[in-house]
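Note on naming: letters A, B, ... go to the chains in the order of the sequence lines (proteins, then strands), and numbering restarts at 1 for each one.
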Amino acid sequence: MPELPEVEVVRAGLAPALAGATVLGVSVLDERALTRHTGDGAHFEAALTGRRITGAARRGKFLWFPLEDPAEDAPTEAIVAHLGMSGQILLRAPGAAPERHERVRLDIQHPDHGELSVVFADQRTFGSLALDPLVPTPDAEPGGIGTTDAAVPAQVSHIARDPLDPAFSDAGFRAALARKDSAIKRVLLDQTVVSGVGNIYADEALWAARIHPETTARLLPTRAVNRLLAEVRRVLEKALAEGGTSFDAQYVNVNGQAGYFAHSLNAYGRTGQPCPRCGRPIVRTSFTNRSSHFCPHCQRVPRHRG
DNA sequence: GATATATCCTGTAGGC
DNA sequence: TGCCTACAGGATATAT
């Protein structure tokens with residue numbers, strides 16, 4: 001279940017292979033992988049074939065690969081990719097046997113690396129690819145990590161910057177929380193407030209910051225918000241350094257090698273096990289179709305609600 | 001307008 | 001052994 005660190009590992013792995021590569025051909029095996037694309041598989045194939053990719057960029061959990069536009073100085077379109085729950089983008093030798101759950105394959109030609117196959121595989125089909133126009137960023141800063149262009153795909157424009165983005169605004173984050181009447185856990189998962197954080201790292205950051213997941217966001221003191229933001233960054237950076245989490249083997253990086261961060265988790269998935277800080281058991285609660293893991297001793301139920 | 005829930009999907013784990 | 005159910009959850013459409 002890729003979150004920011006896992007997606008960044010994929011981006012960094014793809015960038016050298018994609019930058020400067022030309023799309024020789026596209027095979028759409030399952031059109032469910034194109035739910036974000038306006039058009040069918042044949043359109044996707046025709047629109048990409050012959051195009052030159054300039055690089056690999058990321059904001060939050062969204063990836064995009066800008067496409068050179070011969071008529072313009074900067075790219076005006078990009079291939080947008082989201083891995084969803086179980087998506088993978090794998091680099092393979094040309095003609096390699098189909099991957100399990102393979103949905104789309106791009107055959108590319110790179111000036112230095114020769115021919116490669118870029119395989120999009122996705123078990124649970126929550127992920128998708130699309131061709132999307134690029135739109136300018138409101139703050140004129142680069143659209144995300146891995147690009148210097150002040151542009152993002154249209155369908156990514158509503159997604160907030162992630163906490164590892166140099167253009168992320170801490171003050172904007174504090175202001176957004178001050179307006180939110182929802183539980184802080186929900187707000188952390190709201191990609192329009194802060195991107196890149198999923199259920200795992202939300203639980204981990206809240207545990208580290210000693211904040212109860214049901215605390216109303218706007219009631220958090222500034223000091224707690226700053227502590228939380230620092231812990232979000234620390235958790236994401238640590239996971240990034242370790243290559244991403246992969247305790248359910250769904251996530252693999254571009255070479256098919258699993259990341260490994262599960263042993264470092266303090267709260268997520270540790271229901272009933274001792275809190276690493278105080279030794280009392282970690283508790284699991286459900287909200288909608290999700291679950292939260294926290295220590296009821298270290299992360300006290302907020303005194304004030306609503 | 002803000003917030004909460006339902007939905008898409010498939011493989012795995014656990015109960016019986 | 002095998003059937004059944006619960007569960008995992010990102011983004012978004014729909015509902016409150």
* OP1 or OP2 of B:dC8 sitting under 4.0 Å from any side-chain N/O of A:T125? -> no
* Asked: Looking at C:dA8, does its base get a donor-acceptor pair with the side chain of A:R124 below 3.5 Å?
  -> yes
* **Stacked pair A:F126-C:dG10, distance under 5.5 Å, angle under 30°** => yes
* Closest nucleotide among C:dG10, C:dA11, B:dT10 to the A:R32 side chain -> B:dT10
* Asked: From B:dC8, B:dA4, C:dA11, pick the nucleotide closest to the side chain of A:H82?
  -> C:dA11
* Asked: Do we get A:R270 above A:W207's six-membered ring, with its NZ or CZ under 6.0 Å from the centre and within 45° of the axis?
  -> no
* For the residue pair A:F173 and A:F168, categorise the inter-ring angle as parallel (less than 30°), tilted (30 to 60°) or perpendicular (more than 60°). => tilted
* In the strands shown, is B:dG1 matched to any nucleotide by a Watson-Crick or G-U wobble pair with both distances under 3.5 Å, and which? -> none
* Using atom NE2 of A:H101 as one end and atom C1' of B:dT12 as the other, report the distance to the nearest whole Å. => 12 Å
* Among C:dA11, C:dG10, B:dT3, which nucleotide sits nearest the side chain of A:F62? -> C:dA11
* **Carboxylate-amine/guanidinium proximity below 4.0 Å for A:D162 and A:K61** => no
* Asked: What's the CD-P distance between A:Q123 and B:dC8, to the nearest Å?
  -> 17 Å
* **Interatomic distance where CZ belongs to A:F287 and C1' belongs to C:dA8 [whole Å]** => 13 Å
* With a non-hydrogen cut-off below 4.0 angstrom, is A:S291 in contact with a base, only sugar-phosphate, or nothing? -> sugar-phosphate
* Structure fact -> Rounded to whole Å, the CD-P distance (A:E214 to B:dT3) equals 14 Å
* To do: Give a yes or no on whether a salt bridge exists between A:R234 and A:E237, defined as a side-chain N under 4.0 angstrom from a carboxylate O.
  => no
* To do: Check whether any side-chain nitrogen or oxygen of A:H158 sits under 4.0 Å from OP1 or OP2 of C:dA11, and answer yes or no.
  => no
* Are A:D122 and A:R32 close enough for a salt bridge, meaning some N to O gap below 4.0 Å? -> no
* Would one find a side-chain N or O of A:R186 under 4.0 angstrom from OP1 or OP2 of C:dG10? -> no
* If you check the A:R284 side chain, which of C:dA8, B:dT10, C:dA11 turns out closest? -> C:dA8
* To do: Give a yes/no answer on whether the side chain of A:R290 brings an N or O atom under 4.0 Å of OP1 or OP2 in B:dT5.
  => no
* Asked: Hey, are A:E214 and A:K185 close enough for a salt bridge, meaning a charged N less than 4.0 Å from a carboxylate O?
  -> no
* **Side-chain N or O of A:R179 closer than 4.0 Å to phosphate OP1/OP2 of B:dG1** => no
* Length of the NZ-C1' vector between A:K180 and B:dA2, whole Å -> 7 Å
* To do: Go through C:dA11, B:dG11, B:dT3 for me and flag the one nearest to the A:D181 side chain.
  => B:dT3
* Asked: Whole Å only: how far is the CG atom of A:L189 from the C1' atom of C:dA11?
  -> 11 Å
* Nearest whole angstrom, please: distance from the C1' of B:dT3 to the CD1 of A:I184. => 15 Å
* Asked: Over how many whole Å does the gap from A:N199 atom CG to C:dC7 atom P extend?
  -> 14 Å
